[in-house]
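One structure is given below, encoded as structure tokens.
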2 protein chains.
Amino acid sequence: MQKLTLKKIARELDVSISTVSKSLKDSPEISEDTKQKIKAFADLYNYRPNTIALSLKNRKTKTLGVIIPEIVHHFFTTVVSGIEKVANEKGYTVIIGLSNESFEKEVTNMEKLANGSIDGFILSVSRETQLKKDYHHLLETIDHGMPVVLFDRTIPEIECDKVVVDDTEGARNAVKKLLDAGCKNIALITTEAHVNVGELRTAGYKDALIESGKGFSEDLILKLKDEFNEEGMEDNLNTIIELFLRNNPQVDGIFAVNEKYALTAMKASRSLGKDIPRDIKVIGFTDGVLSKYATPSLTTVSQHGVQLGEKAAELLIRRLEEDDYEPPYQTVVVETRLIERESTSIT
Amino acid sequence: MQKLTLKKIARELDVSISTVSKSLKDSPEISEDTKQKIKAFADLYNYRPNTIALSLKNRKTKTLGVIIPEIVHHFFTTVVSGIEKVANEKGYTVIIGLSNESFEKEVTNMEKLANGSIDGFILSVSRETQLKKDYHHLLETIDHGMPVVLFDRTIPEIECDKVVVDDTEGARNAVKKLLDAGCKNIALITTEAHVNVGELRTAGYKDALIESGKGFSEDLILKLKDEFNEEGMEDNLNTIIELFLRNNPQVDGIFAVNEKYALTAMKASRSLGKDIPRDIKVIGFTDGVLSKYATPSLTTVSQHGVQLGEKAAELLIRRLEEDDYEPPYQTVVVETRLIERESTSIT
DNA sequence: TTGTATGCGTTATCAC
DNA sequence: GTGATAACGCATACAA
């Protein structure tokens, strides 16, 4: 039994297609009688209008395109679930594209979706895109009048709506917490400079230290190359962090820009015979699930991914439904919150 | 600058729409000259055919609908990434719908996508669907000629392609491992009966014990209600597992059907003063990330989600591209693998 | 009150 | 070699 269409109903009931269409929309033009008959039939056979045809006709799809660098990643799934929630509430569908941190995949994915499949984008750029600084695909889609909302890993040069975490502020608070807990030599474990959020968090780290009057030392900042984020590099990551800590035995506090770095730092500290939190206190910037279950559990700067996703979807949908899609663009900042756990408790 | 269409190109170059269409497909009907001119123009302005129009015309969308119960869940994201990989390779797009374990959301999501947006479904049913045993939405879509591939949480009564993990076998191996490691009283922590995979893993647990000649006791099987899977129920979960272990002090091995149960069991054991793995050895059925980072790290039955997703996508795409979409349906079983870590090491 | 015609963007068939 | 037309499924302005 194939899908029912207006045409088939019309043929079956021996009326015109427009009569069927109008009846199903309960148009006052049509007599109650015919409407009843048609509705009953449509109901019985469970008629549903074809979404694709509607999209073509209305020139809008009521679907949002979401492009993320990775899906096996707690933060991003968290954001997606926020997007999905708001989108569904407002009658939108969500299409997900993965860039897998590749510039090329990001571009092709966007191009594919941009050709009619979606009404607007929500995306977080891939690491490679940040590195190459090639944003033509973003500029072009915006130029074509398709709204784009960037989140988390955003790009200052691009004018569009954005939703970000208060990376700098969150990092500053984390470091302040370490200072308050009595740490004298706080190390930072971060990513290479081209990752936007890494930069911002680094700035927050420096800010807090400067404000405290101690200042910071580049020696205590460990910048890790992208390759350490890849699958199977765990041991190397561990080795390098351990070496860093061995060379800087004065370190008694660590702020890491993500969960993996934080946990690995805890592990490395332990293998150097340091107790956490007694000898070294640790805070990670993350929403991840590992933190809660770690031993000791890890104090984190929570990113509120769901909320971020919700905001992004709201922003995009508002753009789509505003009659005149025009700037000014806005940047919404989602606040972080320090979740204190065992790794910073005062002993 | 709005999106380019055939019509606009035609108007611009003062030729007919069909000439443009044919030129861009490099039809031999058209003179080289015109083709060159048109192609150059299209290239310059980066023409891409509208996907929606193509879908309507071809009556296929080259899009797969994926419905999962949850996205903030490592196993499911893992499956999605496998699906996405294969789909992209074969030129398909992926739309993700979330049921959030709700029957109603599963139904509405499916209905929405089924009306032209996608060519076929890959899905894992929600917990509520399993509970209600109401499968009309699945039966109807299959009846409408739309292929469906079920994965992980499948339904025996439904005839369609399926991809499953060898739950029973995986569980059996895990329990065997515990037996081999010297455990005499192995407990099972599982879900309520209506969850399909929980049942299968329970069967494997019983099998292994029966095969070993020891048999099993219902007293050592802890069945946890769904509510313990919800957010914020961690403490209650911990309490109930701790109580269970306190009442069964002879337990020296635990097999848990998921990661959360396994980790909570480890935690509860510790608070009872039992050392892991010395006093109690633990294995969890999971692909999760927590296991590797837990202290002690958790031995797991790995589910190979990526592979499962790949298989599901391959199966679906084959169905879609086979000329005559006909049974027989197949069920692909993805093997599990025991990943041994500290929680079962012999002391 | 009902039906006809048109268009959304594309391709395929057929006519010129 | 090029163009007009119909069709995919739907909605709607306009006729009847």
Side-chain angles (χ1 to χ4, degrees), chain A residues 2-39 41-42 45-63 112-119 144-146, chain B residues 2-39 41-42 45-63 112-119 144-146:
Chain A
Q2 271 299 320
K3 268 260 148 187
L4 205 53
T5 65
L6 291 184
K7 198 196 233 179
K8 286 179 192 159
I9 300 182
R11 200 187 307 138
E12 208 66 33
L13 264 47
D14 207 35
V15 289
S16 78
I17 294 180
S18 51
T19 305
V20 178
S21 174
K22 287 171 186 165
S23 297
L24 294 178
K25 322 212 77 163
D26 208 27
S27 156
E29 286 181 38
I30 308 292
S31 74
E32 277 307 321
D33 243 34
T34 353
K35 281 202 276 192
Q36 284 313 321
K37 196 177 57 181
I38 292 178
K39 280 194 201 163
F41 187 90
Y45 293 105
N46 211 354
Y47 170 78
R48 292 279 180 284
N50 181 302
T51 318
I52 293 289
L54 284 180
S55 296
L56 187 60
K57 175 132 198 46
N58 303 330
R59 285 123 134 306
K60 52 180 162 182
T61 60
K62 295 281 262 176
T63 89
K112 205 171 159 195
L113 295 183
N115 299 310
S117 304
I118 60 156
D119 295 338
H144 279 14
M146 173 160 299
Chain B
Q2 273 299 321
K3 268 259 145 190
L4 204 54
T5 64
L6 291 185
K7 201 196 234 179
K8 288 179 193 160
I9 299 182
R11 201 186 308 137
E12 209 66 35
L13 265 47
D14 207 38
V15 288
S16 76
I17 295 181
S18 31
T19 303
V20 178
S21 175
K22 285 172 188 164
S23 297
L24 294 177
K25 319 213 81 160
D26 207 28
S27 155
E29 286 180 43
I30 310 292
S31 74
E32 277 308 320
D33 243 31
T34 349
K35 281 201 278 192
Q36 285 311 323
K37 196 178 55 180
I38 293 178
K39 279 192 202 166
F41 186 91
Y45 293 105
N46 210 353
Y47 168 80
R48 291 281 181 282
N50 181 301
T51 317
I52 294 289
L54 285 180
S55 296
L56 186 61
K57 177 124 196 55
N58 303 331
R59 283 119 140 296
K60 53 179 163 184
T61 60
K62 294 284 262 177
T63 301
K112 203 170 160 198
L113 295 183
N115 299 311
S117 304
I118 60 155
D119 295 338
H144 278 15
M146 174 162 296

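- No more than 12 heavy atoms of other residues, nucleotides or ligands shown are found within 6.0 angstrom of NZ on K60(A).
- Partners of T5(A) according to the side chain to side chain donor-acceptor pair (under 3.5 Å) rule, which considers only residues two or more places apart in sequence or in another chain, do not exist here.
- Evaluation of the side chain to side chain donor-acceptor pair (under 3.5 Å) rule for T63(B) yields no partner, not counting sequence neighbours.
- Using five terminal pairs a side, the axes of the helix from dT1(C)-dA16(D) to dC16(C)-dG1(D) at its two ends make an angle of 70°, given in steps of 10 degrees.
- Listed by residue number, the members of residues 17-25 of chain B with any heavy atom below 4.0 angstrom from DNA chain D are S18(B), T19(B), K22(B).
- Using a 4.0 Å cutoff to heavy atoms of chain B, the contacted part of DNA chain D runs 5' to 3' from dG1(D) to dG9(D).
- The outermost nucleotides of DNA chain C lying under 4.0 Å from heavy atoms of chain B, listed 5' to 3', are dC8(C) to dC14(C).
- Both D14(A) and K7(B) lie near DNA chain C, and the one whose nearest nucleotide falls closer to the 5' end is D14(A).
- In this model, no donor atom of one side chain and acceptor atom of the other lie less than 3.5 Å apart for S18(A) and S21(A).
- Residues meeting the side-chain contact (heavy atoms from CB on, under 4.5 Å) test with D14(A), sequence neighbours left out: none.
- Legend: salt bridge (Lys or Arg N to Asp or Glu O under 4.0 Å) pairs involving residues 23-34 of chain A, not counting sequence neighbours, sorted by first then second residue: K22(A)-E29(A), D26(A)-K35(A), D26(A)-K39(A), E32(A)-K35(A).
- Listed by chain and number, the residues in a side-chain contact (heavy atoms from CB on, under 4.5 Å) with E12(B) are F41(B) (sequence neighbours excluded).
- A heavy atom lying under 4.0 Å from DNA chain D marks the following residues of residues 54-62 of chain A, by number: L54(A), K57(A).
- Counting only residues at least two apart or on different chains, the side-chain hydrogen bond (donor to acceptor under 3.5 Å, both in side chains) pairs with a member in residues 47-59 of chain B are N46(B)-R48(B).
- Contact annotation for I30(B): base contact, defined as any heavy-atom pair under 4.0 Å involving a base atom.
- Shown here are the side chain to side chain donor-acceptor pair (under 3.5 Å) partners of K62(A), two or more places apart in sequence or in another chain: there are none.
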